[in-house]
Amino acid sequence: MIGIEEFSQRRLELMRMAGKNAAIVLAAAPQRLRNSDAPWPYRQDSDFHYLSGFPESEAVLALLPGRPQAECVLFCREREQPDEPWRGERVGTARAVTEFGLNDAFPIDDIDDILPGLLEGRERLYCHFGREPEFDAHLLTWMRRLHDARGGGVVPRELMSLGYLLDELRLFKSRSELKLLRRAAQLAVAAHRAAYAVAQPGRFEYAVEAELLRSMRAADAVPCYPPTVATGKNACILHYVDNHARLVRGDLLLIDAGAEWHYYASDIARTIPVDGHFTGVQRELYDIVQAAQTEAINMVRPGKDWDSVHGAAARVITEGLCALGLLQGDSRAALESEAYQRYFMHKTGHWLGLDVHDAGDYRIDGQPRVLETGMVLAVEPGIYIPPDDITVPAAYRGIGIRIEDVVVVTTSDPEVLSADLPTAAEQVEHMLAARS
Ligand code: ZN
Ligand code: MG
């Protein structure tokens with residue numbers, strides 16, 4: 001769990017970065033409706049959670065560095081609203097202060113009257129633009145009110161992108177965040193294991209997905225993205241989520257599924273043979289991806305950068321595909337021309353944290369971001385041979401393989417959070433042999 005002090009520390013750090021004459025305003029995620037009045041499961045906005053831990057919708061956080069009365073102000077719903085019997089108890093303004101460490105809290109219904117005054121005289125306003133059209137409209141209304149105030153209020157002269165400061169903070173994970181990320185990865189590993197037990201010939205992709213979800217929910221976690229359960233050529237569709245096909249003996253099954261634990265994500269992919277044994281051709285491609293992942297993970301060290309990580313994976317995959325004759329010519333030339341992109345069309349990884357594709361720049365001034373201790377990333381090379389690719393022998397067509405793990409940059413060796421789930425082909429077969 002993230003303690004109240006850590007949330008407070010994050011706000012202080014952000015306010016220090018923003019400077020004394022700034023204001024920072026951000027909104028809670030709205031409750032979205034699935035259809036009619038049935039809501040989607042609610043998930044707080046990651047930035048809002050990062051800075052407050054406050055779990056409800058219809059809330060706005062305003063940070064006002066240097067304001068003597070109160071620097072951290074929350075607007076939220078009041079207690080004892082008529083819908084509490086339906087939707088349950090709310091936090092309310094009083095507990096927002098005592099339980100979430102905010103300096104002051106007001107009813108959200110009063111925000112139009114109060115917030116413009118809080119922004120008065122601030123030089124810069126940090127916020128997200130274009131994320132929530134409704135919030136953007138409110139923001140303009142508040143600026144307008146301030147402008148129209150009697151005597152003419154001083155409207156912030158500069159509108160700044162909040163992500164510019166906040167993404168940089170979120171990129172470096174604290175000890176308590178790493179604990180939650182470790183747990184999220186463990187829960188995803190358990191879900192994968194549960195899914196493999198039913199991933200047998202004759203079963204359906206959705207039945208495998210059901211095991212993933214059952215395992216996560218039984219541990220009070222939720223999936224942090226819709227799981228990909230892709231058998232046979234479906235694995236060549238990178239974000240396949242239909243999950244309707246039947247598992248066939250002799251096919252591979254690609255499972256990409258992550259669990260979210262206390263808002264923190266995990267992202268794990270494995271590709272297993274449905275009947276427990278890789279065919280010769282599957283094994284050829286699998287070993288390339290596995291070697292590529294091992295080399296890429298080995299690059300996750302302070303001082304290396306994204307190009308080192310992706311470059312290692314691309315090199316191993318290119319060499320492997322050239323050796324098999326699936327790419328033509330000399331592997332060095334094939335790497336140079338990025339010919340591998342025909343079969344490995346995505347990047348090798350992404351930041352991971354509160355979001356599965358987490359906040360943070362991948363390049364700075366055109367240069368690849370250098371890795372530093374406390375950064376967390378997913379490493380996920382793959383090979384996908386399109387089913388209709390007539391340039392390769394038929395036996396290779398329609399094979400899709402991805403192996404993905406979550407890795408922490410440490411001062412020594414990379415820490416693989418999902419290391420409990422084997423990747424080496426023999427170990428995968430051994431694990432599958434133990435299925436009932
Ligand atoms: Zn991923
Ligand atoms: Mg993934």
Side-chain angles (χ1 to χ4, degrees), residues 46 170-171 173 181-182 184-196 199 205 208-209 211-213 215-216 221-231 234-243 252-261 263-272 286 289-290 292-297 299-300 306 309-310 312-314 317 341 344-362 369 371 375-384 400-409 414-423 428:
S46 292
R170 281 180 51 185
L171 185 51
K173 274 65 179 179
L181 287 165
R182 278 188 199 105
Q186 282 168 1
L187 292 170
V189 167
H192 272 254
R193 285 188 189 278
Y196 301 160
E205 291 169 345
V208 178
E209 180 186 357
E211 274 307 294
L212 292 167
L213 302 181
S215 176
M216 290 182 201
V222 291
C224 51
Y225 53 91
T228 290
V229 181
T231 186
N234 294 338
C236 296
I237 302 164
L238 297 182
H239 291 158
Y240 175 84
V241 288
D242 283 356
N243 303 352
L252 293 177
L253 175 70
L254 190 162
I255 298 179
D256 191 332
E260 181 175 292
W261 176 249
Y263 289 90
Y264 283 82
S266 54
D267 187 3
I268 299 174
R270 289 290 185 272
T271 307
I272 62 167
Y286 186 89
V289 177
Q290 203 249 327
Q293 203 223 13
T294 304
E295 298 252 335
I297 289 174
M299 288 294 158
V300 180
W306 272 106
V309 177
H310 182 65
I317 285 175
Q341 285 186 357
F344 172 32
M345 54 293 275
H346 55 79
K347 284 290 184 190
T348 304
H350 49 82
W351 305 125
L352 184 137
L354 287 169
D355 295 343
V356 64
H357 293 174
D358 208 36
D361 285 328
Y362 292 90
R369 180 90 198 213
L371 299 180
M375 292 176 170
V376 177
L377 47 150
V379 178
E380 51 170 333
I383 293 178
Y384 316 88
I401 295 164
R402 177 161 67 253
I403 305 175
E404 177 169 28
D405 285 292
V406 180
V407 187
V408 183
V409 186
E415 180 188 356
V416 180
L417 299 189
S418 33
D420 284 350
L421 205 56
T423 59
V428 170

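For ligands, and for the atoms within them, numbers begin at 1 and follow the listed sequence. All residue numbers in this chain count up from 1 along the given sequence.
Looking at Arg402, its side chain never comes within 3.5 Å of a backbone N or O of Tyr384 through a donor-acceptor pair. Side chain of His350 to main chain of Ala378: no donor-acceptor pair is present (N/O by atom type, distance under 3.5 Å, no hydrogens or angles).
Looking only at its N/O/S atoms, Glu404 has OE1 as the one nearest to the Mg ion (ligand 2). Residue Glu404 approaches the Zn ion (ligand 1) most closely through its N/O/S atom OE2. Of all the N, O or S atoms in Asp267, the one closest to the Mg ion (ligand 2) is OD1. The Zn ion (ligand 1) lies closest to atom OD2 when only the N/O/S atoms of Asp267 are considered.
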Residue pair Val428, Thr271: steps toward the side-chain contact (heavy atoms from CB on, under 4.5 Å) verdict
CA-CA 9 Å; Val428 170; Thr271 307; over 6 Å; no
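Between His310 and Phe344, a ring centre-to-centre spacing shorter than 6.0 Å is recorded.
Looking only at atom types and distance, the side chain of Gln290 has a donor-acceptor partner in the side chain of Thr423 under 3.5 Å away.
Put simply, Glu380 stays out of reach of the Mg ion (ligand 2), with no N, O or S atom under 2.8 Å from it. Under 2.8 Å from the Zn ion (ligand 1) lies an N/O/S atom of His350, whether from backbone or side chain. Residue contacts to the Zn ion (ligand 1): Glu380 brings an N, O or S atom closer than 2.8 Å.
Residues Asp361 and Arg369 are not paired through a salt bridge, judged by the lack of any N-O separation under 4.0 Å between the basic side chain and the carboxylate.
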